[in-house]
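Hydrogens, waters and symmetry mates are skipped; everything else that's a heavy atom, side chains included, is used. A note on names: the letters A, B, ... follow the listed sequences, proteins ahead of strands, and every chain is numbered from 1.
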Amino acid sequence: MSQIHATFRIDRGDFRLDVDLTLPGHGVTALFGHSGSGKTTVLRAIAGLEHAPGGYFALGDVVWQDDAKGIFIPTHQRSLGYVFQEASLFEHLTVEDNLEFGRKRIPQSERRFKQSDVTELLGIGGLLNRRPASLSGGERQRVAIARALLTAPQLLLMDEPLAALDLKRKQEILPYLERLHDELSIPLIYVSHAPDEVARLADHLVLLDTGKVVASGPLTETLARADLPQAFADDAGVVIKTVVTHHEEDDLTQLDFVGGSIFVARRPETVGRRLRCRIHARDVSLALEKPVASSILNVFHGIVTAIAPTDTPGHVLVQLSLRNTPLLARITERSRKALNLHVGQPVWAQVKAVALLA
Amino acid sequence: MDANDLGAIWLTLKLASVVTILLLLFGTPIAWWLARTRSKLKGVFGAVVALPLVLPPTVLGFYLLLAMGPNGLVGKFTEWLGLGLLPFTFPGLVIASVFYSLPFMVQPLQNAFEAIGDRPLEVAATLRASPWDTFWSVVVPLAKPGFLSGAVLAFAHTVGEFGVVLMIGGNIPNKTRVVSVQIYDHVEALEYTQAHVLAACMLVFSFLVLLTLYTLNPNKVKGREQ
């Protein structure tokens, strides 16, 4: 599919943005970074809400901005959907009129989605006659997402759509976002500073720091890079894509991935379902010999591929390869010396905890 | 009430209605500009619009009289157009009243527009609404309390004007003699009963206007949102 090209430079004195990105034209791209990293500014520039002079943006061969040629398509003429961080519903309209606001402004021929399908996808069918003021934060955000979808955009942009919600509401919306990902073919650029959301939703990851792109690549590869731990600090870790293969009799579920099998507490998903697992570097310990007489079930054999310093004093980050599936382990520098770990060395990795992203 | 009194009431209502409609037409873009601009001239224009709030009406009337008179720029222009001179005519009164009541329309509207903020406009743009479309489908409904306050205040303030009318319009029955001038005439002629009736009418009218404003819009008088 067609790619997304974005080049923006903004200089506001105390804040500089300088990005040059090529992103896949499908799936979910996460723009990840701390506050002040410029991720929201990038999103606003893509939407044309912010004009970065001299910028360039193209979605496939559709150019939205090319200042060198004097092209700047105003926001309302760009085929995009935008979900803002806080509730942005029109308070003077009912939920249904909010949903129709964008849909009725696109040509009949471009209306790809039926209102009933989208309201069902987001579970808001029962809210149509309500006023935004009477909705919960989670419901408002789902309506805002549905409203953006109904314009059948070529590109969806979401600016931390879950940030203003509490944990419970987040859990309520995340499954809907996953369904968007699985059921629609619209590329989504998702701004977030929550590693969990990124690990769960993203296919492609862009790391931003003080207005610059630190890394951009497929999610699993980028998360497993040992040279970027400062971006995630204590949350450093990998995402492993697994398939549910077996429900065991002792209430464990076996998940297979290229590098082996992971056993977790029994899952509700049926055999064959795909599941993302997150393994934090801090939950992985290393041993030179295969641990025997250990209570830890998830033990993998791998080879050390990199060792890098971390922000945690006295600790290092070790990157392993389990038959080409990367894994990160955070161990103490003392242990590294004691085991005399070096690149190329075979080791056993014990995984103490696996977070299932579902 | 005699025919002169009724004529004055009719003329007053006609004047206030025309002025309110004109102020909605001209005040709205001015208020929009003041609410949205980042220009350094915002302060200057804001102050000019607010001048009638503090200026004695006679001062405003005096300058308008000069401008619209035979030697004034406006006067020369209207004569060139073949319209004659505006002082002591109903159109002259309308123009003067528009200036006089301008802040009463502009300020509630400006506050209402500012309270809406950028976000609803950005949201509308991402939903394919052009700026003009957004103004009608988002800004006007959201600023409704501001429009209501502005219209009611501008209408009531025009009904209550006296000094400017006297300077520009004088005291011509059925042409420029509004209720406030008519009351003045009655008092000068020692016709206290007639003055009482008209004064009471004005009092009740003004109270009802403000009552409507405060009950319809308890927290938003003058367009201030919550």
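- With respect to the salt-bridge test (charged N to carboxylate O, under 4.0 angstrom), the residues B/Glu122 and A/Arg44 qualify.
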(message) Test ring-ring contact (aromatic ring centres under 6.0 Å, His included) on B/Phe205 and B/Phe207; report intermediate values, then the result.
(response) CA-CA 5 Å; B/Phe205 167 78; B/Phe207 176 73; over 10 Å; no
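- Of the residues considered (B/Ser130, B/Pro141, B/Pro120), B/Ser130 shows the highest number of contacts with chain A, using heavy-atom pairs under 4.5 Å.
- Using a 4.5 Å cut-off between heavy atoms, B/Thr134 does not touch chain A at all.
- For A/Phe90, the part sitting under 4.5 Å from any heavy atom of chain B is the side chain, from C-beta outward, and nothing else.
- Per-residue heavy-atom pair counts under 4.5 Å with chain B were compared for A/Thr151, A/Leu150, A/Leu157, and the maximum is reached by A/Thr151.
- Using a 4.5 Å cut-off between heavy atoms, A/Ile106 contacts chain B through its side chain alone, with no backbone atom that close.
- A side-chain N or O of B/Glu161 and one of B/Ser97 form a donor-acceptor pair less than 3.5 Å apart.
- Checking side-chain atoms of A/Thr119 against main-chain N and O of A/Gln115 turns up a donor-acceptor pair under 3.5 Å.
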Using distance only, find each side-chain donor-acceptor pair of residues 21-36 of chain B under 3.5 Å and give its atom names and separation, not counting sequence neighbours.
from, atom 1, to, atom 2, distance (Å)
B/Thr28, OG1, B/Leu24, O, 2.5
B/Arg36, NH1, B/Asp118, OD1, 3.1
B/Arg36, NH2, B/Asp118, OD1, 3.0

